[in-house]
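Accompanying notes for the structure given below.
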Amino acid sequence: MATGTEPPATDPRPPGGGVHTPTRAAIRAPHLRTDRWWLAPAATAAGLLAFVVYSTWRAFANADYYAAPYVSPFYSPCLAENCEPMRAGPNWEIFGSWWGVSPAIIILIFPLGFRLTCYYYRKAYYRGFWASPPACAVAEPHKKYTGETRFPLILQNVHRYFFYAALLVALVLTYDTVLAFRDEHYAWGHMGLGTLVFLANIVLIWAYTLSCHSCRHIVGGKLKHFSRHPVRYRMWQLVGKLNARHMQLAWASLLSVALADFYVYLVASGAFDDPRFF
């Protein structure tokens with residue numbers, strides 16, 4: 001009995017790759033959607049590209065990243081001798097005088113690696129830049145698909161290890177936020193507009209980091225009986241709620257870390273004076 005799902009006798013598929021290969025379903029239309037499906041991946045690509053351009057400029061600038069008591073999150077912790085001294089700040093001079101380029105290049109490897117291997121960001125740049133796939137129910141232009149089984153995409157499997165590094169970075173940025181409750185003379189008990197910027201940034205950084213799929217698996221994975229592990233079950237529920245907002249938190253934290261860096265740049269370059277509330 002015919003089910004109505006069999007392909008017609010004459011194959012309607014045009015020659016080519018992707019969804020038009022013989023092993024894929026026979027689809028008459030070039031793609032299933034006729035709406036402006038390209039707007040979402042285009043906006044994603046534009047947003048990610050804007051951040052890449054800005055962060056690259058700031059990372060290689062090697063200037064205007066410290067204005068007491070604020071330090072740019074792109075330059076913290078400072079791991080080279082050519083860092084600007086930060087009083088009571090995270091000055092870890094692991095790399096000696098031989099390191100001649102911006103110290104931000106060292107530390108940005110870890111948060112960048114965490115975001116590049118993040119499940120949401122994979123979806124974002126796969127669709128926005130590689131068109132693999134460009135959108136749901138849209139023909140894929142590539143002739144074949146190997147997924148993350150070959151180099152270099154197989155390196156996405158190191159995401160969990162970047163998660164551990166991201167935790168350390170978040171702890172350092174938390175310490176920087178605490179130091180932001182000082183004035184320009186390092187006296188405690190003061191708060192400026194920059195302090196609020198740093199507070200908002202660290203909250204979003206922690207929310208994004210803890211909403212990670214790897215964190216959810218580490219907290220509640222491999223448990224056969226949640227009733228025997230009530231603490232881990234509660235933590236798993238909390239991380240699960242954050243995980244449901246992983247995309248929003250990814251973008252919000254990306255914008256907040258850029259804003260925190262830009263704020264420090266304005267203050268350090270003298271373009272803006274940090275208002276003090278008390």
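Residues that satisfy the side-chain contact (heavy atoms from CB on, under 4.5 Å) test with Thr209, not counting sequence neighbours, are Phe114, Phe163, Ala166, Leu167, Ile205. Looking at residues two or more places apart in sequence or on another chain, you find a side-chain contact (heavy atoms from CB on, under 4.5 Å) between Ala45 and Phe129. Taking the side-chain contact (heavy atoms from CB on, under 4.5 Å) definition, one finds that His190 meets it with Asp183, Ala187, Arg276, sequence neighbours left out.
Gln248 contributes atom CD, which lies 8.5 Å from atom OH of Tyr120 (distance to the nearest 0.5 angstrom). Between the OG atom of Ser132 and the CZ atom of Arg122 there is a distance of 13.0 Å, given to the nearest 0.5 Å. Distance check: Leu199 CG to Ser256 OG gives 11.5 Å after rounding to the nearest 0.5 Å. Taken from SG in Cys118 to NE2 in His213, the straight-line distance is 7.5 Å, to the nearest 0.5 Å. Taking OG of Ser211 as the reference point, atom CZ of Arg216 lies at 11.0 Å (rounded to 0.5 Å). Going from atom NE2 of His159 over to atom OG of Ser214 covers 4.0 Å, rounded to the nearest 0.5 Å.
A donor-acceptor pair under 3.5 Å links the side-chain atoms of Arg58 to the main chain of Ala63, judged by distance alone. Side chain of Ser102 to backbone of Ala59: a donor-acceptor contact under 3.5 angstrom is found. Of the possible donor and acceptor atoms, one in the side chain of Tyr54 sits under 3.5 Å from a partner among the backbone N and O of Phe262. At least one donor-acceptor pair closer than 3.5 Å links the side chain of Thr174 to the backbone N or O of Ala170. Within the 3.5 Å criterion, the main-chain N or O of Val52 finds a donor-acceptor partner in the side chain of Ser55. Judged by distance alone, the side chain of Arg127 and the main-chain N or O of Ala135 form no donor-acceptor pair under 3.5 Å.
Within the 4.5 Å cutoff, no side-chain heavy atoms of Leu116 are placed close to those of Tyr121. Inter-residue side-chain proximity for Leu173 and Trp206 is flagged as unmet; no heavy-atom pair is nearer than 4.5 Å. A heavy-atom distance below 4.5 Å is found between the side chains of Asp274 and Tyr263. Side-chain contact between Pro103 and Asn82 is present, with at least one heavy-atom pair separated by less than 4.5 Å. Annotation: side chain of Leu168 is not in contact with side chain of Val172 (no heavy-atom distance under 4.5 Å). Taking 4.5 Å as the limit, every side-chain heavy atom of Glu93 sits out of range of all side-chain heavy atoms of Cys78.
The aromatic ring centres of Trp188 and Phe181 sit 6.0 Å or more apart.
Within a 6.0 Å radius of CZ in Arg160, more than 12 heavy atoms belonging to other residues, nucleotides or ligands are found. Dense packing is recorded around CG of Asn157, with more than 12 heavy atoms of other residues, nucleotides or ligands lying under 6.0 Å away. Enclosure of atom CZ in Phe60 is not indicated, since only 12 or fewer non-hydrogen atoms of other residues, nucleotides or ligands lie within 6.0 angstrom. In the displayed structure, Tyr265 atom OH is contacted under 6.0 Å by at most 12 heavy atoms of other residues, nucleotides or ligands.
Pairing each heavy atom of Cys83 with each of Ala80, the nearest pair is SG-O, 3.2 Å. Closest approach of Pro134 and Ala131 over heavy atoms only: CD-O, 3.4 Å. The shortest heavy-atom contact between Ala180 and Thr195 is O-OG1, 2.8 Å. Minimum interatomic distance between Ala252 and Leu204 (heavy atoms only, all atoms of both residues): O-CD1, 3.7 Å.
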TODO: Apply the test side chain to side chain contact (heavy atoms under 4.5 Å, CB included) to residues Val197 and Asn201: give CA-CA distance (whole Å), side-chain angles for both, the deciding distance (0.1 Å), then the verdict.
DONE: CA-CA 6 Å; Val197 173; Asn201 178 57; 5.5 Å; no
Open item on the list: Would Phe272 and Leu193 count as a side chain to side chain contact (heavy atoms under 4.5 Å, CB included) here? Give the steps.
Closed with: CA-CA 11 Å; Phe272 180 76; Leu193 179 58; 4.2 Å; yes
TODO: Carefully, step by step, assess Ser269 and Asp64 under the rule side chain to side chain donor-acceptor pair (under 3.5 Å).
DONE: CA-CA 6 Å; Ser269 63; Asp64 299 324; 5.0 Å; no
TODO: Could you go through the side chain to side chain contact (heavy atoms under 4.5 Å, CB included) check for Arg115 and Tyr208 one step at a time?
DONE: CA-CA 10 Å; Arg115 288 185 182 265; Tyr208 166 66; 3.7 Å; yes
TODO: Take His217 and Cys212 through the test side chain to side chain contact (heavy atoms under 4.5 Å, CB included) and record every step on the way to the result.
DONE: CA-CA 9 Å; His217 177 73; Cys212 170; over 6 Å; no
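No single ILVMFWY cluster, assembled from side-chain heavy atoms under 4.5 Å apart, contains both Trp130 and Tyr119. Tracing side-chain contacts under 4.5 Å through hydrophobic residues (I, L, V, M, F, W, Y), one reaches Trp251 starting from Leu242; they form part of the same cluster. Under a hydrophobic-cluster definition in which Ile, Leu, Val, Met, Phe, Trp and Tyr are linked whenever side-chain heavy atoms come within less than 4.5 Å, directly or via other members, Leu238 and Leu249 are assigned to different clusters.
Counting side-chain heavy-atom gaps under 4.5 Å among Ile, Leu, Val, Met, Phe, Trp and Tyr, Leu255 is found in no cluster with other residues. Val231 belongs to a hydrophobic cluster with Val219, Leu223, Phe226, Tyr233, Met235, Trp236, Val239, counting contacts under 4.5 Å between side-chain heavy atoms of Ile, Leu, Val, Met, Phe, Trp and Tyr, direct or through other members.
Among residues at least two apart or in separate chains, ring-ring contact (aromatic ring centres under 6.0 Å, His included) pairs with a member in residues 63-96 are Tyr65-Tyr75, Tyr70-Phe198, Phe95-Trp98, Phe95-Trp99.
Judged by a 6.0 Å distance limit and a 45° cone about the ring axis, Arg182 is not positioned over the six-membered ring of Tyr186.
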